[in-house]
Amino acid sequence: MANDSNRFQAIISHAKEYGFVFPSSEIYDGLQAVYDYGQWGSELKKNIKDYWWDSMTRMYENIVGIDAAIFMHPTTWKASGHIDNFNDPMIDNKDSKKRYRVDHLIETWAEDKAFSFKTKKVYPEHLKDVQGFMDERIDIPNPTEGNQPSDDAQKAKSVLEEMDKLLAKDDFVGLKKLIEENDIRCPISETCNWTDIRQFNLMFSTEFGSTVSSEDEDNKVYLRPETAQGIFVNFLNVQKTGRMKIPFGIAQIGKAFRNEIVARQFIFRMREFEQMEMQFFIPPGTQKKWYEFWKEERMKWHLGLGIPKENYRFHNHVKLAHYADAACDIEFNFPIGFKEVEGIHSRTDFDLKNHQEYSKKKMQYFDNDIDPATGKPYGNYIPYVIETSIGLDRMFLLVMSHAYEEQDLSTAEKQDSRVVLKLPNKLAPVKLAVLPLVKKDGLPEIARKIMDDCKSSFRCFYEEKDTIGKRYRRMDAIGTPFCVTVDQQTKEDNTVTIRYRDTMQQDRIPLSQIKEIVSKVIL
RNA sequence: GCGGAAGUAGCUCACCUGGUAGAGCGACAGCUUCCCAAGCUGUAGGUAGCGGGUUCGAGUCCCGUCUUCCGCUCCA
């Protein structure tokens with residue numbers, strides 16, 4: 001474990017030292033949980049994007065891409081459930097250091113009260129289920145003979161009603177008073193020693209001029225917490241203009257923003273991050289089949305990079321998000337342990353249905369295909385959705401983690417070591433380094449010709465400084481798979497030495513084959 | 001949020017009991033090198049996270065603050 005932690009630190013240092021990832025605004029002491037990608041990091045990131053984008057939009061003929069705006073109409077987030085589910089006031093117990101959602105704290109307390117009500121056997125016959133009673137907030141019936149609700153149950157009900165009122169007004173002072181007056185204690189510490197109530201907003205918001213709404217307070221717009229909604233609101237646009245037939249998918253790569261309560265662990269959990277999402281629209285009732293299909297397809301994509309299977313695993317969600325009827329993560333064995341890199345969710349028709357409700361626009365698809373069971377067209381329905389959502393930054397970290405290797409190359413005579421990034425060839429920021437063995441005797445000129453020949457096909461890097469060994473090692477450190485070295489012999493027979501990053505082996509090849517050899521492995 | 005540790009050149013660190021900063025690597029320039037880092041010469045680069053205090057004098061002591069790391073907690 002300690003070793004893994006060191007390894008993680010080493011990767012972070014390496015990422016900074018070699019221009020992959022810098023802390024944001026570092027000269028001002030940084031900005032917590034925000035990072036910038038440097039000269040090689042941006043290349044690597046772009047290559048990961050391309051690998052994903054091309055595999056989605058080219059390899060599947062029924063998937064198209066979009067690029068939706070980060071700003072969306074505020075109602076989007078009401079429909080998606082983000083406002084109701086992620087804008088909760090929180091309170092901390094000073095003794096146990098536990099943090100609670102205020103509504104959960106009070107509801108749990110109220111449930112306990114109701115339970116005592118039940119155990120006192122004055123539970124009304126028609127209220128079979130206490131949980132249901134609490135959820136529905138059903139009015140307690142007028143007391144009838146032998147069926148007296150307890151004072152506790154009455155109390156629970158009135159506190160909940162009061163809570164709803166206060167929540168609606170965002171009256172945090174009142175809520176805290178309510179907690180204290182009813183002696184609602186922390187289940188862990190059993191004390192009533194609470195901090196003030198604070199609002200934790202998952203979503204970032206910003207001002208949007210004054211034209212969004214005539215309502216005074218409604219010029220607030222959010223920075224999207226997920227890219228998916230940009231796809232959902234464009235579902236009909238794409239379906240109609242692209243003449244898409246279900247099943248089909250819409251892919252998108254873009255930034256999303258979340259206010260994490262604790263945001264650490266390098267680029268694993270950032271406030272501003274990038275998602276690669278694909279929403280796949282399907283007929284209702286077929287979600288199990290497609291969910292399994294996409295689980296398999298996505299794993300294939302990962303394994304296509306040549307990263308061994310044992311580094312991956314599926315983690316099935318037991319507790320599901322408000323929009324899902326099945327969900328799993330693809331987890332990778334990072335140096336900090338197995339962590340989620342991608343989620344595959346069966347989102348049902350939750351999103352489209354809600355957008356239909358809030359927007360009053362039909363989100364239906366007319367399916368002309370014949371249902372073999374009835375011999376008639378399937379007709380109108382709101383499609384179900386399978387989502388695949390991968391964190392680009394996490395994928396970046398995954399690739400770096402897997403590629404990073406410290407090697408001891410010591411021999412009996414000499415101590416030696418190197419740090420090499422064994423990046424998949426197609427993701428490497430630089431594909432080919434062109435190195436004149438010495439910077440005289442016309443060698444640089446030949447090397448420049450190789451550069452001119454290759455640089456339009458893939459990214460090349462020219463360097464004539466320092467000893468050849470040093471230059472090789474520098475290329476290892478940024479994961480360049482090939483180096484070619486021009487020497488005196490090149491002038492005689494037009495061959496160069498090609499040196500492979502992973503094996504450090506060298507071959508003599510004709511100058512004319514360089515482009516072909518490199519091109520072949522980076523596609 | 002809590003506890004612990006740390007913040008000195010690009011990086012890793014040194015300056016022990018206070019007297020106005022050093023090394024290695026790296027970078028740059030040149031030399032040497034015909035194939036895997038640490039051969040030679042030269043140059044540049046720090047007012048010691050930031051603010052305040054004690055002192056004749058502080059990187060070195062005290063306080064505050066910010067940031068990072070480790071552990072716990074929390075969130076998902």
Side-chain angles (χ1 to χ4, degrees), chain A residues 1-2 4-6 8-10 12-14 16-19 22-33 82 85-86 88 90-101 104 186 188-189 194-196 198 200-202 225-226 258-266 268-269 271 273 315 317 319-322 324 327 329 336 339-340 343 391 407-411 414-420 433 435-441 443 464-477 483-492 496-501 503-508:
Chain A
M1 236 10 189
D4 282 349
S5 171
N6 290 344
F8 193 52
Q9 291 312 316
I12 294 168
S13 299
H14 189 87
K16 187 185 167 197
E17 187 175 353
Y18 288 92
F22 306 124
S24 161
S25 324
E26 202 187 3
I27 61 170
Y28 296 110
D29 284 332
L31 189 61
Q32 201 182 43
H82 283 82
N85 283 286
F86 296 106
D88 308 302
M90 313 285 280
I91 192 165
D92 293 343
N93 184 272
K94 290 177 185 167
D95 299 309
S96 65
K97 312 294 184 200
K98 280 274 180 186
R99 177 170 293 159
Y100 299 92
R101 272 175 59 169
H104 285 180
C186 167
I188 308 294
S189 69
W194 298 104
T195 62
D196 284 341
R198 287 174 291 178
F200 285 83
N201 296 316
L202 172 92
E226 64 173 16
R258 290 182 196 172
N259 252 322
E260 302 289 349
I261 290 174
V262 175
R264 270 195 257 178
Q265 294 178 312
F266 195 45
F268 188 81
R269 180 162 290 155
R271 295 217 152 92
F273 60 104
H315 172 251
H317 288 204
K319 207 178 135 196
L320 297 169
H322 60 275
D329 298 332
I336 47 177
K339 298 276 184 186
E340 174 189 357
Q407 295 177 337
D408 183 0
L409 304 174
S410 298
T411 58
K414 188 178 161 199
Q415 280 229 319
D416 195 6
S417 66
R418 72 164 179 163
V419 174
V420 55
L435 316 168
L437 190 59
V438 295
K439 56 178 165 191
K440 60 183 181 184
D441 302 334
L443 268 40
E464 58 183 26
K465 255 193 72 67
D466 290 315
T467 62
I468 192 68
K470 240 181 204 174
R471 283 179 274 169
Y472 285 155
R473 299 302 170 87
R474 273 203 287 264
M475 287 298 110
D476 289 341
C483 297
V484 293
T485 301
V486 177
D487 58 16
Q488 299 291 352
Q489 193 186 331
T490 309
K491 293 199 285 191
E492 290 154 24
V496 293
T497 303
I498 184 164
R499 182 261 194 188
Y500 306 101
R501 171 244 280 157
T503 59
M504 298 173 70
Q505 279 182 347
Q506 303 184 156
D507 286 334
R508 200 77 198 175

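Below, chain A is the first sequence line, B the second, and so on; all start at residue 1.
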**Student:** Kindly indicate whether the side chain of A/R271, heavy atoms from C-beta on, has any atom under 4.5 Å from the side chain of A/Q32.
**Tutor:** yes
**Student:** Can you tell me, in whole Å, how much space there is between the C1' of B/C31 and that of B/C16?
**Tutor:**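 Going atom to atom, C1' in each nucleotide, I get 41 Å.
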**Student:** Answer with base, sugar-phosphate or nothing: what part of the nucleic acid does A/R501 contact at a heavy-atom distance below 4.0 Å?
**Tutor:** nothing
**Student:** Can you tell me the pairing partner of B/G59 across any strand shown, Watson-Crick or G-U wobble, with both distances under 3.5 angstrom?
**Tutor:** none
**Student:** If we call it a pair only when both distances are under 3.5 Å in a Watson-Crick or G-U wobble match, what pairs with B/G46?
**Tutor:**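 Its partner: none found.
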**Student:** In whole angstrom, what separates A/F8's CZ from B/C69's P?
**Tutor:** 9 Å
**Student:** Verify the contact: side-chain N or O of A/K470 to OP1 or OP2 of B/C35, cut-off strictly under 4.0 Å; return yes or no.
**Tutor:**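 A/K470 to B/C35 OP1/OP2: no side-chain N or O under 4.0 Å.
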**Student:** Taking atom C1' in both B/A58 and B/C63, compute the distance separating them and give it to the nearest angstrom.
**Tutor:** 15 Å
**Student:** Looking at A/K465, I'd like to know whether one of its side-chain N or O atoms comes within less than 4.0 Å of OP1 or OP2 on B/A29.
**Tutor:** yes
**Student:** Closer to the 5' end of RNA chain B via nearest nucleotide, is it A/L31 or A/Q505?
**Tutor:** A/Q505
**Student:** Of the candidate nucleotides B/A37, B/A27, B/C75, which contains the atom at the shortest distance from the side chain of A/R269?
**Tutor:** B/C75
**Student:** May I have the distance from A/I498 (atom CD1) to B/C35 (atom C1'), rounded to whole angstrom?
**Tutor:**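 Atom CD1 in A/I498 sits about 14 Å away from atom C1' in B/C35.
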**Student:** Locate the shortest heavy-atom distance separating A/F273 from A/P225; write the atom from each residue and the value.
**Tutor:**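 Reported closest heavy-atom pair: CZ-O, 4.2 Å.
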**Student:** Reckon A/R418 touches a base, only the sugar-phosphate, or nothing at all at heavy-atom distances under 4.0 Å?
**Tutor:**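 The answer is nothing, as A/R418 stays clear of every strand by at least 4.0 Å.
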**Student:** Which whole number of Å gives the distance between the C1' atom of B/G59 and that of B/A48?
**Tutor:** 5 Å
**Student:** If only atom types and distance count, is the side chain of A/R473 paired as donor or acceptor with the main-chain N or O of A/S417 below 3.5 Å?
**Tutor:**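 At least one qualifying donor-acceptor pair exists.
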**Student:** Which of the following nucleotides, B/U33, B/A27, B/U68, is nearest to the side chain of A/V438?
**Tutor:**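 Closest nucleotide to the A/V438 side chain: B/U33.
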**Student:** With sugar-phosphate meaning primed atoms plus P, OP1 and OP2, does A/S13 contact a base, only sugar-phosphate, or nothing at under 4.0 Å between heavy atoms?
**Tutor:**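 No contact at all - A/S13 keeps every heavy atom at 4.0 Å or more from the nucleic acid.
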**Student:** How close do A/C483 and A/L435 get, counting heavy atoms only, and between which atoms?
**Tutor:** CB-CD1, 4.0 Å
**Student:** Among A/I498, A/T490, A/I468, which residue satisfies the side-chain contact (heavy atoms from CB on, under 4.5 Å) criterion with A/T485?
**Tutor:** A/I468
**Student:** Counting Watson-Crick and G-U wobble pairs only, both distances under 3.5 Å, name the nucleotide matched with B/U54, or none.
**Tutor:**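 Pair assignment: B/U54 / none.
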**Student:** Where the side chain of A/D466 is defined as all heavy atoms beyond and including C-beta, which of B/C35, B/A27, B/A37 is the nearest nucleotide?
**Tutor:**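 Between B/C35, B/A27, B/A37, the one nearest the side chain of A/D466 would be B/A27.
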**Student:** If I take atom NZ in residue A/K440 and atom C1' in nucleotide B/C31, what distance separates them, rounded to the nearest angstrom?
**Tutor:**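 Going from A/K440 (NZ) to B/C31 (C1'), I get 9 Å.
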**Student:** Please check the phosphate of B/G10 (OP1 and OP2 only) for any side-chain N or O of A/K16 closer than 4.0 Å.
**Tutor:** no
**Student:** Between B/G42 and B/U47, how far apart are the two C1' atoms, rounded to whole Å?
**Tutor:** 26 Å
**Student:** Which one is paired to B/G3, where only Watson-Crick or G-U wobble pairs with both distances under 3.5 angstrom count?
**Tutor:**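 For B/G3, the partner nucleotide comes out as B/C70, under the 3.5 Å rule.
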**Student:** Check A/R474 with A/D466, please: is the shortest side-chain N to carboxylate O separation under 4.0 Å?
**Tutor:**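 Result for this pair is yes, salt bridge flagged.
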**Student:** Side-chain N or O of A/Q9 versus OP1/OP2 of B/C70: is the shortest distance under 4.0 Å?
**Tutor:**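 Answer yes for this pair, as a side-chain N or O of A/Q9 is under 4.0 Å from OP1 or OP2.
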**Student:** Distance check, P atoms only: B/C13 and B/U73, in whole angstrom units.
**Tutor:** 29 Å
**Student:** Between B/C25 and B/C72, how far apart are the two P atoms, rounded to whole Å?
**Tutor:** 39 Å
**Student:** Choosing from B/U33, B/U68, B/C35, which nucleotide comes nearest the side chain of A/R508?
**Tutor:** B/C35
**Student:** Does any nucleotide pair with B/A9 by Watson-Crick or G-U wobble geometry, both distances under 3.5 Å, and what is it?
**Tutor:**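 WC or wobble partner does not exist here.
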**Student:** When all nucleic acid strands are considered with a 4.0 Å heavy-atom cut-off, which category describes A/Q489: base, sugar-phosphate, or nothing?
**Tutor:**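 Result for A/Q489 = nothing.
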**Student:** Nearest-Å distance, CG (A/D507) to P (B/C35)?
**Tutor:** 17 Å
**Student:** Where each residue is assigned the nucleotide of RNA chain B containing its nearest heavy atom, which of A/R474 and A/S410 is assigned the position nearer the 5′ end?
**Tutor:** A/R474
**Student:** Taking the same atom, C1', in B/A9 and in B/A23, what whole-Å distance lies between them?
**Tutor:** 11 Å
**Student:** Using a cut-off of 4.0 Å on non-hydrogen atoms, how would the nucleic acid contact of A/Q506 be classed: base, sugar-phosphate, or nothing?
**Tutor:** base
**Student:** Please give, in whole Å, the distance from B/A37 C1' to A/L409 CG?
**Tutor:** 10 Å
**Student:** Testing A/R471, A/R499, A/Q407 for side chain to side chain donor-acceptor pair (under 3.5 Å) with A/D476, which one passes?
**Tutor:**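 In the set A/R471, A/R499, A/Q407, the residue that makes a side chain to side chain donor-acceptor pair (under 3.5 Å) with A/D476 is A/R499.
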**Student:** Between atom CD of A/Q489 and atom CG of A/L437, what is the distance when rounded to the nearest 0.5 Å?
**Tutor:**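 If I round to the nearest 0.5 Å, the distance is 11.5 Å.
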**Student:** I want to verify a distance call: between B/C35, B/G26, B/G30, whose nearest atom is closest to the A/K439 side chain?
**Tutor:**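 Given the options B/C35, B/G26, B/G30, the side chain of A/K439 is closest to B/G30.
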**Student:** Please state how far atom CG in A/L435 lies from atom P in B/A37, giving the value in whole angstrom units.
**Tutor:**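 Computing the A/L435:CG to B/A37:P distance gives 14 Å.
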**Student:** With both distances under 3.5 Å as the test, what is the Watson-Crick or G-U wobble partner of B/U20?
**Tutor:** none
**Student:** Specify the separation, in whole Å, of atom CG of A/D441 and atom C1' of B/U32.
**Tutor:**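 That distance rounds to 13 Å.
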**Student:** Work out how far the C1' atom of B/C35 is from that of B/C69, and round it to whole angstrom.
**Tutor:**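 Straight-line distance between the two C1' atoms is 41 Å.
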**Student:** Rounded to the nearest Å, what distance is computed from the CD atom of residue A/E226 to the C1' atom of nucleotide B/A76?
**Tutor:**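 Checked: the CD to C1' distance equals 13 Å.
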**Student:** Taking pairing as Watson-Crick or G-U wobble with both contacts under 3.5 Å, can you name the mate of B/U33, or confirm there isn't one?
**Tutor:** none
